[in-house]
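Right, one structure below, let's go through it.
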Amino acid sequence: MEFSKIIEQDKPGKDELVRMLEASGEERTLLFEQAVKTREQFIGKKVHFRGLIEFSNICSKDCYYCGIRKGNRKVKRYELSDEQIIEAAAFAHKQNYGSVVIQGGEIASPAFTARIEHLLNEIKRLSDGKLGITLSLGEQTGETYLRWKEAGAHRYLLRIESSNQELYGKIHPAGHTHDFKARLGCLHTLQDLGYQTGTGMMIGLPFQTTGHLAEDLLFIQELDVDMVGMGPYIEHPDTPLYRYRGELLPIKERFDLSLNMIAVLRILMKDINIAAATALQAIDPMGREKAIRVGANIIMPNITPGLYRNDYSLYENKPCTDEEPEECLGCLDARIQMADSMIGYGEWGDSKHYQQRIRRQNNSTG
Ligand code: SAM
Ligand code: SF4
């Protein structure tokens with residue numbers, strides 16, 4: 001089939017997705033044009049912010065790719081205090097960001113659940129309920145997810161990392177603490193509880209093929225999520241996967257493949273929120289803006305106090321670690337305009353996909 005027809009299909013199959021993911025030259029231009037057209041038709045030109053608070057780098061897990069994994073003894077561990085988190089959220093509110101994301105290493109304990117619940121209540125209080133809150137705190141019990149939802153969290157990000165169970169097994173330790181089915185179960189629980197649910201994967205992992213990535217896209221479609229955050233895998237020297245660095249796609253190709261993934265996903269899932277991952281910016285200073293140009297519509301400016309940014313080092317060359325949040329905002333505004341988009345200040349920017357889903361549910365029950 002002609003490429004121009006493939007990109008117009010409503011339900012492309014795996015082989016067609018692979019062709020789109022591998023598009024280069026003129027075909028790539030066509031792919032990007034179709035993605036931009038789709039974004040403008042279904043989402044518009046607005047980009048929404050989620051102020052990212054990297055709450056703690058203490059983690060109970062040992063994912064083979066991640067620089068803050070439990071087994072990395074070289075990391076200086078930190079945890080923001082309640083005051084620092086609340087201050088960062090107040091900053092986001094003052095700057096009219098609309099939403100924050102609280103992200104960190106995975107800890108599961110009654111004390112941790114209660115602490116996050118308290119923080120959610122405080123953030124809701126300080127913003128008079130106006131600040132949207134996304135959590136990204138890993139795998140938790142349904143009871144914990146429910147408590148956090150009732151305390152004010154309404155979105156949750158939990159990347160599946162790879163939807164291929166065999167590949168998932170190669171990038172995580174064996175055993176029940178890093179179980180693919182458990183992670184998938186968490187995504188279903190989040191959806192059942194009514195969270196706007198987000199998932200995603202890393203692109204350019206060792207052992208990963210474009211066939212795997214095409215399956216990832218079909219997985220996202222099948223799961224019918226509201227948001228996706230996906231970006232390039234970037235190696236970290238103090239992790240087990242670093243030994244495969246010689247087998248990876250060159251970094252520039254990983255970046256280009258990530259842009260193709262975003263464009264194809266936009267064509268496939270027309271009205272979901274797609275985040276421009278920070279890892280893109282680690283490779284190319286304009287990486288996030290380039291992602292916006294090919295279909296992404298969410299940016300997560302880092303508002304973690306500067307002092308701690310270097311310690312949340314998931315991979316090499318993490319960007320903006322020496323900038324204070326105020327400095328980031330001015331440059332971001334100009335950069336978004338350069339990407340022919342505008343910022344939806346003070347708005348939650350819920351995914352249209354979610355809004356449609358809720359409307360359908362309400363219609364069928366009432
Ligand atoms: N601990 C939570 C979890 O794993 O869901 C949230 C924090 S975790 C640091 C957030 C994301 O960072 C992970 O889902 C993973 O995809 C990404 N990440 C970790 N190491 C990475 C690396 N070396 N390159 C790119 N992304 C990475
Ligand atoms: Fe912990 Fe998340 Fe890193 Fe895995 S990816 S080691 S769960 S912080």
Side-chain angles (χ1 to χ4, degrees), residues 50 52-75 77-79 101-108 112 116 134-140 144-145 148 153 155-163 167-168 171-173 175 177-180 182-184 186-187 190 195 197-206 208 213 216 225 227-245 248-249 251 254-255 257-258 261 275-283 287 300 302 304 308-309 311-319:
R50 316 276 184 246
L52 175 63
I53 306 173
E54 293 166 337
F55 155 81
S56 162
N57 67 358
I58 300 169
C59 188
S60 61
K61 289 182 111 176
D62 245 336
C63 307
Y64 287 160
Y65 41 84
C66 179
I68 61 169
R69 62 198 297 271
K70 181 176 148 205
N72 184 7
R73 304 258 176 274
K74 293 192 190 160
V75 179
R77 302 288 168 176
Y78 76 88
E79 190 168 63
V101 180
I102 302 178
Q103 187 181 76
E106 187 175 309
I107 303 166
F112 183 73
I116 296 294
T134 308
L135 294 179
S136 179
L137 298 168
E139 295 168 39
Q140 304 286 341
T144 295
Y145 286 145
W148 290 347
R155 310 185 183 109
Y156 205 101
L157 285 175
L158 186 72
R159 285 184 177 181
I160 193 71
E161 316 295 1
S162 167
S163 66
L167 178 53
Y168 188 92
I171 61 171
H172 294 100
T177 48
H178 295 78
D179 181 54
F180 176 84
R183 200 158 181 91
L184 186 56
C186 286
L187 282 167
L190 289 163
Y195 274 96
T197 307
T199 193
M201 40 282 305
M202 281 171 288
I203 299 156
L205 284 162
Q208 193 183 44
L213 291 171
D216 285 339
V225 290
M227 341 181 268
V228 169
M230 57 184 181
Y233 160 70
I234 304 176
E235 59 274 32
H236 188 295
D238 304 317
T239 57
L241 284 195
Y242 195 63
R243 78 176 76 114
Y244 300 106
R245 64 191 177 283
L248 300 173
L249 273 182
I251 197 86
R254 253 179 279 165
F255 179 85
L257 182 55
S258 302
M261 269 292 270
T278 313
L280 288 163
Q281 200 193 352
I283 300 178
M300 308 206 300
N302 196 335
T304 310
Y308 298 100
R309 302 238 200 118
D311 298 324
Y312 199 80
S313 174
L314 311 180
Y315 41 76
E316 288 176 317
N317 298 328
K318 205 161 155 255

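Quick note: numbers below take in every heavy atom, side chains included, and nothing from hydrogens, waters or symmetry partners. Atoms within a ligand are numbered from 1 in the order they appear, just like the ligands themselves. These numbers come from a predicted model, not from an experiment.
Only the side chain of Glu161 comes within contact range of ligand 1, with a heavy atom under 4.0 Å; no backbone atom does. At a heavy-atom cutoff of 4.0 Å, ligand 1 is contacted by the backbone of Pro232 but not by its side chain. Here Cys66 has heavy atoms under 4.0 Å from ligand 1 in both its backbone and its side chain.
Of the polar atoms of Met202, none of the N or O atoms is found under 3.5 Å from an N or O of ligand 1, judged by distance alone. Polar contact check, Arg183 against ligand 1: a nitrogen or oxygen pair lies under 3.5 Å apart.
Nearest non-hydrogen protein atom to atom 2 (C) of ligand 1 is Gly104 O, 3.4 Å. When only non-hydrogen protein atoms are considered, atom 23 (N) of ligand 1 lies nearest to Ile234 O, 2.8 Å. Taking atom 12 (O) of ligand 1 as the reference point, the nearest protein heavy-atom neighbour is Leu314 CD1, 3.6 Å.
Taking the side chain as every heavy atom from C-beta outward, Thr239 and Tyr65 never approach each other to under 4.5 Å. Side-chain atoms of Leu314 and Cys66, non-hydrogen and from C-beta on, do get closer than 4.5 Å to each other. Taking 4.5 Å as the limit, every side-chain heavy atom of Met202 sits out of range of all side-chain heavy atoms of Gln208. Residues Ile203 and Arg254 fail the side-chain proximity criterion, which asks for heavy atoms closer than 4.5 Å. Residues Cys63 and Ile171 fail the side-chain proximity criterion, which asks for heavy atoms closer than 4.5 Å. Between Glu54 and Leu52 there is a side-chain heavy-atom pair separated by less than 4.5 Å.
Using cut-offs of 30° and 60° for the angle between ring planes, the Trp148 and Tyr156 rings count as parallel.
The Ser136 neighbourhood of ligand 1 comprises atoms 6 (C), with distances under 4.0 Å to a heavy atom of that residue. The ligand atoms of ligand 1 that sit less than 4.0 angstrom from a heavy atom of Arg159 are 14 (O), 15 (C), 16 (O), 17 (C). Under a 4.0 Å criterion applied to the non-hydrogen atoms of Gln103, ligand 1 contributes the atoms 6 (C), 7 (C), 10 (C). Less than 4.0 angstrom separates some heavy atom of Tyr233 from each of these atoms of ligand 1: 23 (N), 24 (N), 25 (C).
Seen from the ring of Phe180, Arg183 does not count as a face-on cation partner, given the 6.0 Å and 45° thresholds.
Atom 19 (C) of ligand 1 has its nearest heavy-atom neighbour, among Tyr64, Tyr312, Tyr65, in Tyr65.
Ligand 1 lies out of reach of Arg254, whose nearest heavy atom is not under 4.0 Å from it.
The pair Arg245-Glu235 does not count as a salt bridge, with every side-chain nitrogen at least 4.0 angstrom from each carboxylate oxygen.
Scanning for salt bridge (charged side-chain N to carboxylate O under 4.0 Å, His left out) contacts around Arg69 gives Asp62, with sequence neighbours left out.
Checking atom 2 (Fe) of ligand 2 against the protein gives no heavy-atom contact under 4.0 Å.
Looking at every heavy atom in both residues, Arg77 comes nearest to Asn72 through NH2-O, 3.1 Å.
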inquiry  = Show, in sequence, the C-alpha distance, side-chain angles and deciding distance for Lys70 and Cys59, and conclude whether the side chain to side chain contact (heavy atoms under 4.5 Å, CB included) test is met.
reply    = CA-CA 6 Å; Lys70 181 176 148 205; Cys59 188; 5.5 Å; no
key: Chi angles and distances behind the side chain to side chain contact (heavy atoms under 4.5 Å, CB included) call for Phe55, Leu137   = CA-CA 9 Å; Phe55 155 81; Leu137 298 168; 4.3 Å; yes
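Excluding waters, the count of protein N/O/S atoms less than 2.8 Å from atom 3 (Fe) of ligand 2 comes to 1.
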